[in-house]
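What follows is a single structure, written as structure tokens, with notes after it.
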Number of protein chains: 4
Amino acid sequence: MTVSPRGSARTEAIMRTALELGRETGYAKLSMEAVAARAGAGKHTLYRRWPSKGALLLDSLLHLHAPDLDYPDTGDVVADLRTQIHAAVDLLGNPPFGPLYRALIGEAQHDPRLAADLNKRFVTPQTEKTVARLRTARERGELSPAFDLDLAMAVLSGPLYFRLLITQEPLTHAYVDRLLRALFDGMGA
Amino acid sequence: MTVSPRGSARTEAIMRTALELGRETGYAKLSMEAVAARAGAGKHTLYRRWPSKGALLLDSLLHLHAPDLDYPDTGDVVADLRTQIHAAVDLLGNPPFGPLYRALIGEAQHDPRLAADLNKRFVTPQTEKTVARLRTARERGELSPAFDLDLAMAVLSGPLYFRLLITQEPLTHAYVDRLLRALFDGMGA
Amino acid sequence: MTVSPRGSARTEAIMRTALELGRETGYAKLSMEAVAARAGAGKHTLYRRWPSKGALLLDSLLHLHAPDLDYPDTGDVVADLRTQIHAAVDLLGNPPFGPLYRALIGEAQHDPRLAADLNKRFVTPQTEKTVARLRTARERGELSPAFDLDLAMAVLSGPLYFRLLITQEPLTHAYVDRLLRALFDGMGA
Amino acid sequence: MTVSPRGSARTEAIMRTALELGRETGYAKLSMEAVAARAGAGKHTLYRRWPSKGALLLDSLLHLHAPDLDYPDTGDVVADLRTQIHAAVDLLGNPPFGPLYRALIGEAQHDPRLAADLNKRFVTPQTEKTVARLRTARERGELSPAFDLDLAMAVLSGPLYFRLLITQEPLTHAYVDRLLRALFDGMGA
DNA sequence: GATTAATCGAGACGGTACGTCTTGTCTTCGG
DNA sequence: CCGAAGACAAGACGTACCGTCTCGATTAATC
């Protein structure tokens, strides 16, 4: 990608401003107009780079809070999952990432392009890392050959997103641990 | 001269119009203005009843598609959950309820009052019914005394909402069955 | 509990409230709605009596500040005119009558019915009194038989209204005296 | 795609539309909304230029009917005044200027900023021209050194405005002539 | 005194316009 | 020649009044 250094500097400044405003006023009150004004940029300059405020914010979030959610591999899959999901939950459940991420998912419900982007650039990579770590464990025999990797992923993520988006209860480490126990030790039915 | 119906007649007519427009144009393009115009109502009449288009749509959805998601009790808890969650998934995963419900959850991400309403009037009642049915089963000894009711609820709901809101994969009966099997038979870890 | 007065008592109370509000907020911010609310009256009760806020205010002004602008007849026409026009100018040039009267004339520019009422109930009676006093003087020989009564009237009133409505300079006794001198002694052309 | 004219072209088009609508529907029924719609302009574009419909109409009237009321100087002050006031009366007493001018004066009664503008941009310049012509005559000795210029001005204008705004009798040349005669020949008191 | 009939308050209702805001496109002009 | 600055059309926002209309509750006049 051949962007002039001046261009990318401009781009970064705008993204920084977007996050700043997002943090201050919340996503709902954020407008391309306001970001342009605050950043001292023309609106055209924003629209040239991002098609919507959702795209701008997604980009800003990923560039400036580039989440480092890579999996450790200590040999103990449960411990590794625990480590990593605790980190994920700390990221998603707290400012500044959390509220903006929630807002982006909200926006994505009426904007299919944003939904696709969000999936492609954040959700899918994360889920794939988790599935990959589980697969490694299954290959090593830590998990039964019939272990349903995708379903396990969903059982871990789903309840967290449900809390984040629906009930808005806090995402705690304790809750993650309950989920892991249920997943690997069973519900005791 | 045409007399405007008062009170609840007016209210219902507006809600019907709101859903109609919601179905036609989608939530994003819906405006209080348009609903008022189509319903032949003054804007004030809408704002007198609902503080936002989110509130209007939530109300419309619940009044006019009053979901009948009561649990059967055949004595077999797994079969009963299956019956009921299949029904829930048919409702949430298809028009007209599905898309509008998704949109409302989206809107709720920037509107705390709507989020609270959504929980109070739809989500919480549904989860409580599920938890109640599970509790009955536990009291009868169908489930172990240590069975974590809330967690089970979350394991069933979470992945469905994750599909609905994040990955937008279809909500199938088969997927529900996979979840139920995982919950009651374990993951085979 | 609260007793609603009927008939003319109600009417007077509303008029009093109208003037009160007019004084406080100015004519522009006055609304039938506000008068009704402040007076603890239904809007219907106002519209039953007056077709517009202009009509209400005109009525209120004339009933509650019933101007006593009758002419003295001391035998000296100039002195009598002077007395009376000084009084008129004190009324029109000062609160509460002045500002509301100005506003009514303003409103009358887009409301022909109000214009007609204003003329019939206030302006014409006043001019006729002046003309009558002048006619008496002419009949007594104080003025020449060719003296143009209507024109004299206009020369006295016109400049005062011009100040009131256009330049908004104060209406002073001194200015009235200058006008009277010009009228009776000539401009010295 | 149609390109919207910018700047002064847009401004003129809007003013033309405003007068057009003013003529058709009258000032009272005129709305910023309607002007914007008819002109194919956004409402913001109107509000960017004028703070109120009064300001818009005043501007429109002065730009598009720029009254040419300059005084001739034939050496005969009475004849010159007569010529010029006849012209003024033709302008003020007839459409399209007359009714809109009346409406503006009406509006100015509740809008001090409009009142100030009206004075500054129309009334004062006209009166000053008249006073200047009279002053020239006084300096030449056509009028007595004691001749009260401002008062003469008021005696000529006042009755005309009185007719325009209060009694709504027509502004005729004959009436102007009566006024001039009274002013220069006296009332014959 | 009981029964009408009118009058009242309260405020819902369909409308219209307000003045503000944001969106995404298009122009202008300075560096 | 690019980019800031912002003009522009479009149209929704939420508010304010308009004048009409129900709705019961009071009140006064008639029986």
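The sequence lines fix the lettering, A, B, ..., with proteins before strands; numbering per chain opens at 1.
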Indicate whether OP1 or OP2 belonging to [N] is found under 4.0 Å from a side-chain N or O atom of [X].
X       : N      : answer
B/Arg49 : E/dC13 : yes
B/Thr45 : E/dA12 : no
B/Arg48 : E/dC13 : yes

**Study point:** For DNA chain E, the residues among residues 99-113 of chain D that have a non-hydrogen atom under 4.0 Å from it
**Key:** none

Check your understanding: With sequence neighbours left out, what residues match C/Ala41 under side-chain contact (heavy atoms from CB on, under 4.5 Å)?
Key ->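 Partners of C/Ala41 by the side-chain contact (heavy atoms from CB on, under 4.5 Å) criterion, ordered by chain and then number, come out as C/Arg10, C/Ile14, C/Ala39, C/Leu46.
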
Point to revise | For A/Ala34, side-chain contact (heavy atoms from CB on, under 4.5 Å) partners two or more places apart | key: A/Leu21, A/Ser31

Check the distance between [N]'s [atom2] and [X]'s [atom1] and give it to me in whole angstrom.
X       : N      : atom1 : atom2 : value
A/Leu46 : F/dA5  : CG    : P     : 12 Å
C/Trp50 : F/dT20 : CH2   : P     : 16 Å
C/Leu21 : F/dA16 : CG    : P     : 16 Å

Exercise for review: Identify, with sequence neighbours excluded, every residue that meets ring pair (Phe, Tyr, Trp, His ring centres under 6.0 Å) alongside A/Phe122.
Suggested key: A/Phe97, A/Tyr101

Enumerate the residue pairs fulfilling salt bridge (charged side-chain N to carboxylate O under 4.0 Å, His left out) with a member in [range], sequence neighbours excluded, ordered by first and then second residue.
range                       : answer
residues 31-48 of chain D   : D/Glu20-D/Arg38, D/Glu24-D/Arg38, D/Glu33-D/Lys43
residues 52-63 of chain C   : C/Asp59-C/Arg121
residues 101-114 of chain D : none

Check nucleotides 21-23 of chain E for protein N or O atoms closer than 3.5 Å to its own N or O atoms and list the pairs.
residue : atom : partner : partner atom : Å
E/dT23  : OP2  : A/Met32 : N            : 3.2

Exercise for review: May I ask you to check whether over 12 heavy atoms, not counting those of A/His63, lie within 6.0 Å of atom NE2?
Suggested key: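 No, the 6.0 Å shell around NE2 holds no more than 12 heavy atoms from other groups.
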
Review point. 5'-most contact on DNA chain E: C/Gly42 or A/Pro51, nearest heavy atom basis?
Key: C/Gly42

Practice item. Nearest-nucleotide wise, let me know which of C/Ala39 and B/Ala41 is further upstream toward the 5' end of DNA chain E. Key: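 By nearest-heavy-atom nucleotide position, the 5'-most residue is C/Ala39.
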
Exercise for review: Kindly state each residue pair satisfying ring-ring contact (aromatic ring centres under 6.0 Å, His included) with at least one member in residues 9-54 of chain D, sequence neighbours excluded.
Suggested key: C/His110-D/Tyr27

Check your understanding: Between the main-chain N or O of C/Thr11 and the side-chain N or O of C/Ser8, is there a donor-acceptor pair closer than 3.5 Å?
Key ->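 It does not hold such a pair.
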
Check your understanding: Checking B/Gln109 side chain against A/Leu104 main chain: does a donor-acceptor pair fall under 3.5 Å?
Key ->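 Judged by distance alone, no pair lies under 3.5 Å.
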
Point to revise | Bend angle of the helix from E/dG1-F/dC31 to E/dG31-F/dC1, from helix axes over five pairs at each end, nearest 10° | key: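 For the helix from E/dG1-F/dC31 to E/dG31-F/dC1, the axes at opposite ends meet at about 20°.
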
Exercise for review: Show your working on side chain to side chain contact (heavy atoms under 4.5 Å, CB included) between C/Leu30 and C/Leu56 and close with a plain yes or no.
Suggested key: CA-CA 11 Å; C/Leu30 194 63; C/Leu56 163 57; over 6 Å; no

